[in-house]
Amino acid sequence: MDLSAINPVLLIASLMVAATPLLLAAIGELVVEKSGVLNLGVEGMMITGAIAGFATAVESGSPLLGFVAAAIAGAALSILFAILTQFAQANQVASGLSLTLFGLGLSALLGQSYVGVKPPRMGDIHIPQLSDLPVVGPILFGHDIILYFGIALTAAVWWVLKYSRIGLVLRAVGENHDAAHALGYKVLKIRLMAIMFGGACAGLGGAYISLIRVPQWTEGMTAGIGWIALALVVFSSWKPWRALLGAYLFGGVTVVQLNLQAAGVAIPVEYLAMSPYLITIIVLVILSADKSSAPASLGRNFHASR
Amino acid sequence: MIRLEKRPQPSRAWSMATPLVAVLATMVFGGLLFAALGKPPVEAIRIIFWEPLFGEFSFYYRPQLLVKGAPLVLIAIGLSLGFRAGVWNIGAEGQYIMGAIFGAGAGLAFYPLEAFYIFPIMVIAGAFGGWLWAMIPAILKTRFGTNEILVSLMLVYVAEQFLASVSLGLLKNPEGFGFPGSRNLQAWDSAHNAELIAGTGMHWGVVAALIAVIFAYVLLNRHMTGYHIRLTGEAPRAAKFAGVNPARLVLFCLGTSGALAGLAGMFEVSGPSGQVSIDFNVGYGFTAIIVAFLGRLHPVGILLAGGLMALTYIGGDIAQSNLQLPAAAIQVFQGMLLFFLLAFDLLTNFRIAIPKPEVA
């Protein structure tokens, strides 16, 4: 075992990379849940985004174009969920699950010819002087643009939910859809937009895994990150900045666990690999006592004729 | 303008018809998908649904229906009890793995003894393993109100890692030349879940699945617990007044589904799969979710749905070798089936009304 090989600066920098897919997916799902909809299809939308982004980036040579495609693919898949739950009045839990099962199959199908292919690299933003600073430089100023986008998105979602009119309407729909409907807000339309936003974010998160974090395509490569993102929304009590904190915490667990594996710690690799999931469960238990901040209409379907 | 009117009572006719309509829609869209992959669509659908049952080699494929269908039915029956009551056990895959590990582990502790009691001990250990794994989300839910969907699912990933660990360590075959995986239970009579009647595919797992179907039917229609399950699902508030103990119901539903999933894993590992290995599990725990819904959460429906899903697996295998249809296409096909089922369920609960223009 050689723990001295672990460089704390690199550790924090890679922690931020590991946290970004989680953060993107969680922020999207946070908005969806704020509108009163529980979409359990995050894992399916992420893996679809991962392959759509990967394939587009490989074919076009542009990682950025890959991210755009991933967002579109995630949003497109989420429309299926929206049709099922918002128009066909299907059970949200069952619909979300079907989205995940479908997404896992679809991505495996689309990804067959991309196994072993290397995607084009996404360059890190290199700001002269700033990114050359010791310690602070690599941590704060040496990342790719999507990572910064994730943080900016968190800030934007926080601001919109808290201060804007759209945010107010969205929260009203999530708290009491009947009252919001009576006030003349288009409940279904608002929820549809929220679901699509969530799908696009999950798609971006998936593409971040296949294009930047792992840079390759393997079947089922999201390996439960979508589900951890769902847990993260509970962890954050539906507050964007706490979702960021939670994502970094989980990113930290993942990275430390990988570093310990590499350092050859006496604990078997399999037990280290299950630690992020175990810690997610423990965090869920600690936080499950407080349900007060959950949107009141979460998971309930809305039908205007009632 | 088309409008949806909520039916006062869900339509029984549509409730029976939607699975069939969903299958038809899946055939059409699945065919389109196959065509998009450059495969002959009609031929592919024919191979998947016809070949295993009536084709040239159906004598070989028909027993496979039981082999593939039994674990699906066994798991789905357990899941359906919880789903009916709003208890969402999504982690059957993990319980299935733990059942296999416990069952095989209990048996291997006796190796190489030959005795009649080894297999029964393995059955009990398998059910116990699945039950134990399901008790984690159940107790966390009843004690702390933790979401059982997320916890049971997280435990799938934990179980997969645990499976890798025992395949490489605790249960590794000492005579396996260093390859991961346990001893082959098929080669050890006392632990082998062999065919009961040669050439039929009928093994103890199939018997257990049939017993589970009957058990669930009786439970739901003739027993107080079944009544409580149905009541909780249909009218949670009324259930409270009727004296249903929600915590006990959660423990019962998750425990039963865990035990059944564990049994399925144990029968699989001692029979068709033969050994504990890193990837012996093939996603039955997740496919069983589709089976449960496709069977309308009804025991008899689940039996039929399990058969249908087994058919798509076997037909998919044939299409894979005959038409080079990718294996993942069948996964998409199964996912589609659930989509269409949920979508057409609209017709069970709603009536599509086309308002007549009002007469002035």
Side-chain angles (χ1 to χ4, degrees), chain A residues 38 40 43-44 80-81 83-85 87-91 93-112 219-220 223-224 227-228 230-231 234 268-282 284-291 303-306, chain B residues 3-6 33 37 83 86 88 90 136-137 140-141 143-147 149-151 153-169 283 286-287 289-290 292-293 326-347 349-350:
Chain A
L38 179 67
L40 294 183
E43 179 85 1
L80 286 177
F81 173 82
I83 291 171
L84 286 180
T85 57
F87 298 104
Q89 302 284 323
N91 179 301
V93 174
S95 306
L97 281 172
S98 74
L99 204 65
T100 290
L101 293 173
F102 182 70
L104 286 171
L106 187 68
S107 63
L109 188 62
L110 295 174
Q112 282 193 324
E219 228 175 85
W227 295 100
I228 295 183
L230 276 157
V234 180
V269 172
E270 294 83 19
Y271 292 90
L272 285 171
M274 64 173 77
S275 60
Y277 307 107
L278 287 175
I279 286 170
T280 306
I281 294 175
I282 293 168
L284 273 174
V285 171
I286 295 169
L287 289 156
S288 51
D290 176 32
K291 287 222 166 51
H303 186 244
S305 76
R306 271 189 313 194
Chain B
R3 235 159 38 87
L4 291 177
E5 273 174 18
K6 199 165 172 76
L33 172 77
L37 292 169
F83 289 177
W88 299 98
I90 308 302
I136 301 171
L140 292 181
K141 184 178 174 73
R143 290 274 323 236
F144 305 105
T146 314
N147 183 317
I149 301 176
L150 293 173
V151 174
L153 211 119
M154 290 294 141
L155 287 172
V156 174
Y157 297 98
V158 176
E160 279 176 352
Q161 293 299 331
F162 189 67
L163 175 66
S165 155
V166 295
S167 304
L168 296 164
F286 292 117
T287 311
I289 296 171
I290 305 180
F293 281 111
I330 294 304
Q331 218 181 331
V332 177
F333 199 75
Q334 292 175 345
M336 252 186 210
L337 196 55
L338 186 52
F339 262 135
F340 283 118
L341 185 80
L342 291 167
F344 288 120
D345 241 6
L346 173 74
L347 300 169
N349 294 311
F350 290 87

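Below, each value reflects all heavy atoms present in this structure, side chains not excepted, and no hydrogens, waters or symmetry copies. Here is the naming used below: chain letters follow the sequence lines, and residue numbers restart at 1 for every chain. Since the structure is predicted, the reported quantities are computational estimates derived from the model, not experimental observations.
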* To do: Select one option (side chain, backbone, both, neither) describing which atoms of A:Leu40 are under 4.5 Å from chain B's heavy atoms.
  => side chain
* Asked: Tell me, side chain or backbone of B:Leu163 under 4.5 Å from chain A's heavy atoms, or both, or neither?
  -> neither
* Asked: Relative to chain A, which segment of B:Ile136 carries a heavy atom at a distance below 4.5 Å: side chain, backbone, both, or neither?
  -> neither
* With only heavy atoms counted, which part of B:Ile289 is less than 4.5 Å from chain A, the side chain, the backbone, both or neither? -> side chain
* Asked: Among B:Leu150, B:Val156, B:Ile149, which has the most heavy-atom pairs under 4.5 Å with chain A?
  -> B:Leu150
* Asked: Say you draw a straight line from CZ of A:Phe102 to CE of B:Met336; how long is it, rounded to the nearest 0.5 Å?
  -> 5.0 Å
* What part of B:Phe344 gets closer than 4.5 Å to chain A, counting heavy atoms only: side chain, backbone, both or neither? -> neither
* **Which of B:Ala343, B:Ala159, B:Gly169, B:Ala327 touches chain A most, by non-hydrogen pairs under 4.5 Å** => B:Ala343
* Asked: Using non-hydrogen atoms only, which part of B:Phe339 is less than 4.5 Å away from chain A: side chain, backbone, both, or neither?
  -> both
* To do: Just say parallel, tilted or perpendicular for the rings of B:Phe293 and B:Trp88, cut-offs at 30° and 60°.
  => parallel
* Between CZ on residue B:Phe333 and CG on residue B:Leu33, distance to nearest 0.5 Å -> 9.0 Å
* **Options A:Leu278, A:Val93, A:Leu104, ranked by heavy-atom pairs under 4.5 Å with chain B, top entry** => A:Val93
* Relative to chain B, which segment of A:Leu230 carries a heavy atom at a distance below 4.5 Å: side chain, backbone, both, or neither? -> both
* Can you say whether A:Phe87 sits under 4.5 Å from chain B via the side chain, the backbone, both, or neither, judging by heavy atoms? -> backbone
* To do: Using a cut-off of under 4.5 Å on heavy-atom pairs, state which of A:Val234, A:Asn91, A:Ile83 scores highest against chain B.
  => A:Asn91
* Structure fact -> Pair count under 4.5 Å, heavy atoms only, with chain A: among B:Leu153, B:Thr287, B:Val151, highest is B:Leu153
* Specify which of B:Glu160, B:Gln334, B:Gln331 makes the most heavy-atom pairs with chain A at under 4.5 Å. => B:Gln331
* Asked: When rounded to the nearest 0.5 angstrom, what distance separates CG in A:Leu284 from CZ in B:Phe144?
  -> 12.5 Å
* Structure fact -> Bottom line for B:Ile330: the part with an atom under 4.5 Å from chain A's heavy atoms is neither
* To do: Please flag which part of A:Ser95 lies under 4.5 Å from any non-hydrogen atom of chain B: side chain, backbone, both or neither.
  => both
* Asked: What part of B:Leu341 gets closer than 4.5 Å to chain A, counting heavy atoms only: side chain, backbone, both or neither?
  -> neither
* **Side chain / backbone / both / neither for B:Leu337 at chain A, heavy atoms under 4.5 Å** => neither
* What residue in B:Ser165, B:Ala329, B:Ala164, B:Pro137 has the most heavy-atom pairs under 4.5 Å with chain A? -> B:Ser165
